[in-house]
Protein chains: 2
Amino acid sequence: MKRRTTLKDLAKELNLAASTISRALDDHPGISPETKEKVLNKAEELGFTRNSIASSFRKNKTLTIGVIVPRIDIHFHSLVISGIEEFAYKAGYNVTIFQSRDSIKRETKITKILQNKMSEGVIICLGTETDSYEHFEKLNRLKIPLVFYDRVPSDYEANKIIINDYESAFKATEHLIEIGCKRIGHIGGSQSTGIFKDRYEGFKAALTKHGFPMDKKLVHFTRELSYEEGALVAKKLLNLENRPDGIFCSNDYTAVSAIQVFQKNNIKIPNEISIVGFSNYPISKIIEPHLTTVNDRAFEMGMAAARLLIRQIEEEEDIIQSEIVTIKTELIVRESTMRSS
Amino acid sequence: MKRRTTLKDLAKELNLAASTISRALDDHPGISPETKEKVLNKAEELGFTRNSIASSFRKNKTLTIGVIVPRIDIHFHSLVISGIEEFAYKAGYNVTIFQSRDSIKRETKITKILQNKMSEGVIICLGTETDSYEHFEKLNRLKIPLVFYDRVPSDYEANKIIINDYESAFKATEHLIEIGCKRIGHIGGSQSTGIFKDRYEGFKAALTKHGFPMDKKLVHFTRELSYEEGALVAKKLLNLENRPDGIFCSNDYTAVSAIQVFQKNNIKIPNEISIVGFSNYPISKIIEPHLTTVNDRAFEMGMAAARLLIRQIEEEEDIIQSEIVTIKTELIVRESTMRSS
DNA sequence: CTGAAAGCGCTTACAG
DNA sequence: CTGAAAGCGCTTACAG
């Protein structure tokens, strides 16, 4: 097996020092243009590419960031990763991805893998099982910057990229009020998860502001906001004596299944019941009527996470900073709330 | 700034040689259990983790594979990446991802990044612009194993993970024939892309086998199989004097929009027109009626790609092998082809 | 503008 | 079972 060409090989060929070759390849100002050209040509000729591992080792920089997501194939996360990759690529960083699959055991093991200087920083969305943060403490102690997004640790100081769930839910609910809904229901997620609790709180606050009473019968929490759970809740709402005429759902899957359940029961959407979802999933533009929903701007979250992380990696400071970035959401109004009056 | 603890620090603390520490941490058989325990305890105490860059550099192994996809946020690719990550994780490899965004320029630049030994192997799905493979030749010359999936180079010997598009389309079409369709149409993708051409060929072959004439009016090719293009084609099919009673679509987006267009025109699905899609996207289980489609088993493609790549990385052979792995698809029959007769 | 030398933190073949 | 030594391929501070 032929050995890969090294700097030294180039140096010998050209009767130059390895240090000169290294500088020439870096386009260092203190190297003559002629030498640079000779080196570049020879490198091309011998098919030389610098061994980046040796370089990383020597410079103590890997230009790599690690990303831990529960699952890559969840659209939200794939969008965030896309944003991370986009920003990182332009900044010259590589992105290494890991799936925790919502297992705290696997999440912990991944943090161990990331401890050994392979990644200069880590971006994480916590798994559902995760309720302690010791495994991240270790990274902190090693001065590896961390940025959390979406499912972030509560009562734990850290860099966080979030959206304003409370405010987004407030606006979504207010939108239903503005189009004339009088009895507004909510299909929510697990209240032990911060973001879903915030969405519920925002919903309640909008009702209160406009002097609407809270009818507990119109509020249902699901375990994981699944399509199937959405249908179950929708059926319950349908069978109420006093049905809702508007529903704010904490995600798009439940909103879509609610639409389908209502339609099957000959209820007109949006005129009899108007629906708002959350997340702006591709399905929201396909379901008929198209779904009004909150765009959570996942790609921008990813960009922001990478931007913050890389800034902290490159900062000279020795102290790990804690910063919270809130990404602005927008309500996308579509047919599911466009009443013909 | 405090220096990270190194092997040498541990060695000094314990009055042992660095080599002994290294072996103890590796659970090397030739080290006494007592020494191992001492080393492990001290490592824990000093918060020592091995510098994996130094280790990679020394061993000339990074245990990292690179993945180039057009876009991460396309569901198919996120599923493939999930499969790659799953297999790689279990095999002790890390996965670094890059998006070519269908730009050959960016794809080429990424292959340059991957040339410098950072990745021991590369998995790629070609971008739509890519029609030459020089940039991959370079990786070949450096003996970095390559595995292509989905959009693979034609007339270029390489490792490829594919599905049998021809056969899958054949079976999907035959299914339409079996349920009683007499005039079967096709919404296809660009015929300059191998997989879409194969699907069309499979469609034709099924018609031929069962003695059905080919009616060119029932076949339409789109540029990128988008939801919007699907609707346009569906409208054309709808306005034909002699409408189809079954349609095989080369993806799920066009199938879904066709369903919606027909429904809006009061055509009953599946009884008047039956529809089959391709890919088993999440939407296929949500659209009503649920869509019959070909499960292309993207996760398994990813697993297979990682398996093949890692095997070639670890093989001693100096020659790069070329292997083609065909992943078995399955037709998932749902309501869009369940006729009540 | 170029070179000689030291050294990054490991691993491993060799020796005992 | 343990150690001493060499060296992986770069980069950089220093010297001239």
Side-chain angles (χ1 to χ4, degrees), chain A residues 1-40 42-43 46-64 113 115-120 142-143, chain B residues 1-40 42-43 46-64 92 113 115-120 142:
Chain A
M1 162 109 182
K2 217 173 78 248
R3 209 170 37 79
R4 278 175 71 111
T5 314
T6 69
L7 263 188
K8 273 189 194 162
D9 298 331
L10 265 187
K12 210 184 296 172
E13 283 274 331
L14 291 166
N15 272 317
L16 287 166
S19 43
T20 306
I21 308 286
S22 179
R23 290 190 192 104
L25 293 169
D26 280 343
D27 204 13
H28 192 97
I31 298 288
S32 77
E34 299 76 45
T35 306
K36 279 180 191 165
E37 207 190 321
K38 269 201 296 185
V39 171
L40 256 19
K42 203 57 159 184
L46 301 183
F48 168 80
T49 46
R50 216 192 308 236
N51 181 331
S52 72
I53 300 305
S55 178
S56 287
F57 168 53
R58 181 52 234 261
K59 294 200 278 195
N60 203 21
K61 263 188 207 293
T62 59
L63 294 179
T64 294
I113 296 173
Q115 271 165 35
N116 45 23
K117 274 303 296 175
M118 193 191 64
S119 292
E120 298 190 53
L142 291 168
K143 309 266 182 263
Chain B
M1 161 112 180
K2 218 174 78 251
R3 210 169 37 81
R4 276 174 74 110
T5 314
T6 69
L7 263 188
K8 271 189 194 160
D9 299 330
L10 264 188
K12 212 184 295 171
E13 284 275 329
L14 291 166
N15 271 317
L16 286 167
S19 44
T20 305
I21 308 286
S22 179
R23 289 189 192 106
L25 292 168
D26 280 343
D27 204 12
H28 192 97
I31 298 288
S32 75
E34 299 77 45
T35 305
K36 279 179 191 167
E37 210 190 316
K38 269 200 295 186
V39 171
L40 257 19
K42 202 60 160 183
L46 301 183
F48 169 79
T49 46
R50 214 188 318 231
N51 181 330
S52 73
I53 300 306
S55 176
S56 285
F57 167 53
R58 181 53 233 260
K59 293 200 280 194
N60 204 21
K61 261 187 209 295
T62 58
L63 295 178
T64 294
I113 297 173
Q115 270 165 34
N116 46 22
K117 272 304 292 176
M118 192 192 64
S119 293
E120 298 189 53
L142 292 168

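Here is the naming used below: chain letters follow the sequence lines, and residue numbers restart at 1 for every chain.
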Subject >> Strand-adjacent residues in residues 15-25 of chain A, judged by heavy atoms under 4.0 Å from DNA chain D >> reply: S19(A), S22(A), R23(A)

**OP:** Describe the nucleic acid contact of T35(B) in one word from base, sugar-phosphate, nothing, applying a heavy-atom distance below 4.0 Å.
**Re:** sugar-phosphate

**OP:** Send over the distance from K38(B) NZ to dC1(D) P, rounded to a whole Å.
**Re:** 14 Å

Original post:
Which pair of non-hydrogen atoms, one from M118(B) and one from I53(A), has the smallest distance, and what is that distance?
Top reply: CA-CD1, 4.2 Å

Original post:
Under 4.0 angstrom, heavy atoms only, what part of the nucleic acid is S52(B) near: base, sugar-phosphate, or nothing?
Top reply: nothing

Original post:
In whole angstroms, how far is the C1' atom of dT12(D) from the NZ atom of K61(A)?
Top reply: 14 Å

Subject >> Nearest-Å distance for atom pair NZ/P, residues K59(B) and dG9(D) >> reply: 16 Å

**OP:** Can you tell me which stems DNA chain C forms, taking runs of 3 or more consecutive Watson-Crick or G-U pairs with both distances under 3.5 Å?
**Re:** C:1-3 with D:14-16, C:5-12 with D:5-12, C:14-16 with D:1-3

Original post:
Do the side chains of L25(B) and V39(B) get nearer than 4.5 Å, heavy atoms only?
Top reply: yes

Original post:
Rounded to whole angstrom units, what separation is found between the CG atom of L7(A) and the C1' atom of dA6(C)?
Top reply: 16 Å

Original post:
Between atom CG in D9(B) and atom P in dC8(C), what is the gap in whole Å?
Top reply: 11 Å

**OP:** Using a cut-off of strictly less than 4.0 Å, decide whether S32(A) has a side-chain nitrogen or oxygen near OP1 or OP2 of dT2(C).
**Re:** yes

Subject >> Nucleotide dT12(D), atom P - distance to CG of N60(A) in whole Å >> reply: 11 Å

Subject >> Heavy-atom side-chain proximity of L14(B) to T20(B) below 4.5 angstrom >> reply: no

Original post:
When you measure from the side chain of E120(A) to the backbone N and O of T62(A), does any donor-acceptor pair fall under 3.5 Å?
Top reply: yes

Subject >> Over all atoms of both residues, closest heavy-atom pair of A11(B) and A17(B) >> reply: CB-C, 4.0 Å

Original post:
Should R50(A) and N116(B) count as side-chain neighbours, where that means a heavy-atom distance under 4.5 Å?
Top reply: no

Original post:
Between K36(A) (side chain) and H28(A) (backbone), is there a donor-acceptor pair under 3.5 Å?
Top reply: yes

**OP:** Compare all side-chain heavy atoms of R4(B) with those of L142(A) and state whether any distance is below 4.5 angstrom.
**Re:** yes

**OP:** Assign each of I31(B) and R50(A) to its nearest nucleotide of DNA chain D by heavy atoms, then name whichever residue's nucleotide is nearer the 5' end.
**Re:** I31(B)

Original post:
Should R58(B) be listed as having a side-chain N or O under 4.0 Å from OP1 or OP2 of dC8(C)?
Top reply: no

Subject >> Distance test, side-chain N/O of R4(B) to OP1/OP2 of dC8(C), below 4.0 Å >> reply: no

Original post:
Of the non-hydrogen atoms in L10(A) and F48(A), which two are nearest, and what is the gap between them?
Top reply: CD1-CD2, 3.8 Å

Original post:
Rounding to a whole Å, what distance do you find between K36(A):NZ and dT2(C):C1'?
Top reply: 13 Å

Subject >> Between dT2(D) (C1') and H28(B) (NE2): distance, integer Å >> reply: 10 Å

Original post:
For F57(A) and dC10(D), do the ring centres fall under 5.5 Å apart while the planes stay under 30° apart?
Top reply: no

Subject >> Partners passing salt bridge (Lys or Arg N to Asp or Glu O under 4.0 Å) against R58(A) (at least two apart in sequence or in another chain) >> reply: none

